[in-house]
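Just below is one structure, and these are the notes that go with it.
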Amino acid sequence: MGSGRKMWTAALLATAVLVNTAACGSEGGGGEVKLRFSYWGSAARQKMTQEAIKKFEAQNPNIDIEEEFSDFGSYYEKLATKVAGEQTPDVITLEIRGLREYAERGTLADLSSSVDTADLDGKVLATGAVDGKQYAIPTGVNAWSLVVDPKAVRDAGQRLPDDTTWTWDEWVGLAAKITARSGGKVYGTQQAFNPAFLQIFAAQRGETLYKGNKIGVSPDTLKAWWAIHQKLIRSKGSPDAAKSLELAAQSEDKSLFATGSGAMGMWWSNQLGSISKASGGRQVDLLRMPKSPGAAAGGMFLQPAMFYTAGAKSEHPAEAAKFIDFMINDPGAGAIILSDRGLPASSKVLAAVRDKLPDSDKKTLAFLDKIKGELTDSPAAPPKRASAIEAILTRYTNEVLFARMTPDQAAQKLITEANALIAG
């Protein structure tokens with residue numbers, strides 16, 4: 001997510017000047033319907049998406065899908081420019097952090113009655129709804145989890161914890177012991193500053209990241225969250241502040257795992273395969289997040305990896321919905337895409353492809369099956385302009401970890417600034 005922060009700022013500036021925007025489908029020639037499909041990703045994602053598109057077009061010879069593909073870093077800036085110029089694609093891929101922004105500006109169509117959602121988990125599906133309308137259909141799911149290298153833990157003379165009961169202090173203590181026993185060659189953990197981490201931590205304290213159109217976390221919760229990061233640095237369970245913040249802004253292929261110098265870290269569960277690959281194929285496992293003492297719930301939740309949405313004024317709304325339905329519900333499409341957009345949201349598709357999943361994805365699926373009874377409800381789409389909150393959180397975290405502000409000062413300023421941004 002970090003790679004898109006600057007682009008999000010540009011995108012928000014572009015969309016801020018929009019009135020109710022129009023979405024125009026491409027003109028079809030000779031009776032042929034043309035749909036513009038906007039998405040981001042790697043070359044591997046583009047290749048498999050093109051294969052799925054060919055399958056759809058073979059089944060629907062009157063529909064031609066025109067890709068509008070880009071890397072993640074430039075995706076939202078390009079999308080905002082198209083929307084501002086009334087050239088909204090017919091089918092648009094979005095993340096949850098931008099959903100309300102586009103839905104409330106009239107950019108997206110209500111898909112409530114046009115896409116079959118019978119095989120999707122109701123709580124996950126609800127994350128794509130804004131003000132009672134189903135603007136977005138989740139492609140697949142993942143969970144923010146703790147990742148561990150069991151061998152690195154054993155090599156440091158330590159044991160894997162009982163992750164059903166362990167606390168934050170126990171996690172910090174284990175990280176410090178691993179670093180010490182390795183002579184500093186392997187850090188106990190890489191730090192994470194993702195809002196999902198704060199969201200889970202807040203839920204354990206009975207709070208939410210957002211409460212309506214305001215920040216839901218209290219100053220005390222922010223200070224307690226920062227205290228965990230500070231303890232890790234002081235105990236050398238993690239690298240120092242400068243290195244920790246540098247690592248947090250990079251992808252998993254540049255993580256401590258990738259260099260064999262980290263035993264734990266936090267990532268989205270669907271990143272397990274790429275983390276294992278980046279580490280040279282070492283065994284990596286998923287664990288539950290530690291808990292605050294006395295917490296009634298662990299706070300972990302399922303979040304859609306991304307959504308498919310449709311332009312509100314597409315000239316071909318039925319065909320746009322049909323394509324989304326295919327990408328979500330067709331087992332053949334699922335067999336091509338597998339877990340690239342998260343573990344399939346459709347239970348029918350997941351059942352059809354689970355034996356074809358890579359071992360790392362089978363491990364992720366087994367982990368999610370194990371903890372599904374413990375998960376809290378998937379969070380709803382955040383308020384407008386909430387996409388910029390991550391940058392605010394990062395900035396004040398920097399101030400605290402570099403001791404340029406006290407936690408008290410930073411917590412109050414963060415909440416004030418974030419609430420003003422959301423309200424504006």
Side-chain angles (χ1 to χ4, degrees), residues 1-3 5-6 8-9 144 146 167-202 204-205 207 209 214-251 254-257 259 261-267 289-293 386 388-422:
M1 294 177 69
S3 63
R5 290 174 189 148
K6 292 181 180 178
W8 259 109
T9 301
W144 185 255
L146 198 133
T167 65
W168 294 108
D169 282 344
E170 288 171 334
W171 174 57
V172 171
L174 174 61
K177 289 174 184 175
I178 291 170
T179 305
R181 288 291 295 270
S182 72
K185 294 179 180 178
V186 175
Y187 281 101
T189 192
Q190 176 170 322
Q191 296 227 37
F193 307 97
N194 192 295
F197 177 9
L198 177 58
Q199 192 162 319
I200 290 169
F201 185 75
Q204 295 175 2
R205 297 164 64 93
E207 299 176 3
L209 187 56
K214 290 187 175 182
I215 291 294
V217 292
S218 65
D220 284 345
T221 291
L222 279 168
K223 289 187 289 183
W225 188 66
W226 282 326
I228 293 172
H229 297 293
Q230 291 172 314
K231 287 177 186 176
L232 281 169
I233 292 169
R234 285 198 303 269
S235 68
K236 302 190 186 309
S238 76
D240 61 22
K243 185 64 175 177
S244 290
L245 291 161
E246 176 190 339
L247 287 165
Q250 296 176 342
S251 59
K254 295 181 180 178
S255 64
L256 294 180
F257 265 84
T259 59
S261 53
M264 295 183 288
M266 294 178 191
W267 284 277
M289 296 282 280
K291 292 180 185 176
S292 299
I389 296 300
E390 185 175 353
I392 294 175
L393 179 62
T394 298
R395 177 156 42 88
Y396 283 106
T397 297
N398 288 352
E399 296 300 299
V400 170
L401 295 188
F402 285 112
R404 293 190 292 256
M405 280 187 184
T406 67
D408 279 313
Q409 292 171 326
Q412 294 294 342
K413 286 180 176 293
L414 184 153
I415 291 171
T416 299
E417 182 177 341
N419 282 338
L421 176 70
I422 295 170

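Between the CE atom in Met264 and the OH atom in Tyr187 there is a gap of 14.0 Å [rounded to 0.5 Å]. Expressed to the nearest 0.5 Å, how far NZ of Lys254 lies from CD of Glu246 amounts to 9.5 Å. The distance from atom CG of Asn398 to atom CZ of Arg404, rounded to the nearest 0.5 Å, is 6.5 Å. The line from CG of Leu198 to CG of Leu209 is 5.5 Å long, rounded to the nearest 0.5 Å. To the nearest 0.5 Å, atoms CG (Leu256) and NZ (Lys243) are separated by 7.5 Å.
For Arg181, the salt bridge (Lys or Arg N to Asp or Glu O under 4.0 Å) criterion is met by no residue, not counting sequence neighbours. Residues satisfying the ring-ring contact (aromatic ring centres under 6.0 Å, His included) test with Phe257, not counting sequence neighbours, are Trp267. Annotation: salt bridge (Lys or Arg N to Asp or Glu O under 4.0 Å) contacts of Glu170 (sequence neighbours excluded): none. Among residues two or more places apart in sequence or in another chain, the side chain to side chain donor-acceptor pair (under 3.5 Å) test is passed with Trp144 by none.
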Without placing hydrogens or testing angles, list every side-chain donor-acceptor pair under 3.5 Å for residues 224-231, not counting sequence neighbours.
{"residue": "Trp226", "atom": "NE1", "partner": "Thr397", "partner atom": "OG1", "Å": "3.0"}
{"residue": "His229", "atom": "ND1", "partner": "Gln191", "partner atom": "OE1", "Å": "2.4"}
{"residue": "Lys231", "atom": "NZ", "partner": "Asp169", "partner atom": "OD1", "Å": "3.2"}

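Residue pairs meeting the side-chain hydrogen bond (donor to acceptor under 3.5 Å, both in side chains) criterion with at least one partner in residues 405-419, sequence neighbours excluded, are Lys223-Asp408, Arg395-Glu417, Tyr396-Glu417, Thr406-Gln409.
Side-chain contact between Thr189 and Met266: absent, with no pair of heavy atoms (C-beta onward) separated by less than 4.5 Å. Considering only heavy atoms from C-beta on, Leu247 stays 4.5 Å or farther from Ser255 through its side chain. Under the 4.5 Å side-chain criterion, counting only non-hydrogen atoms from C-beta, Leu401 is not in contact with Ser244. Between Phe193 and Leu393, the closest side-chain pair of non-hydrogen atoms is not below 4.5 Å.
Nearest approach of Val172 to Ser235, heavy atoms of both residues: CG1-OG, 4.0 Å. Ile415 approaches Val217 most closely through the heavy-atom pair CD1-O, 3.7 Å. The two residues Ser292 and Gln204 have their closest heavy-atom pair at N-OE1, 2.9 Å. The two residues Pro290 and Trp168 have their closest heavy-atom pair at O-CZ2, 3.2 Å.
In this structure, the side chain of Ser261 does not engage the main chain of Lys185 through any donor-acceptor pair within 3.5 Å. A donor-acceptor distance shorter than 3.5 angstrom exists from the side chain of Thr179 to the backbone of Lys236, with no hydrogens or angles considered.
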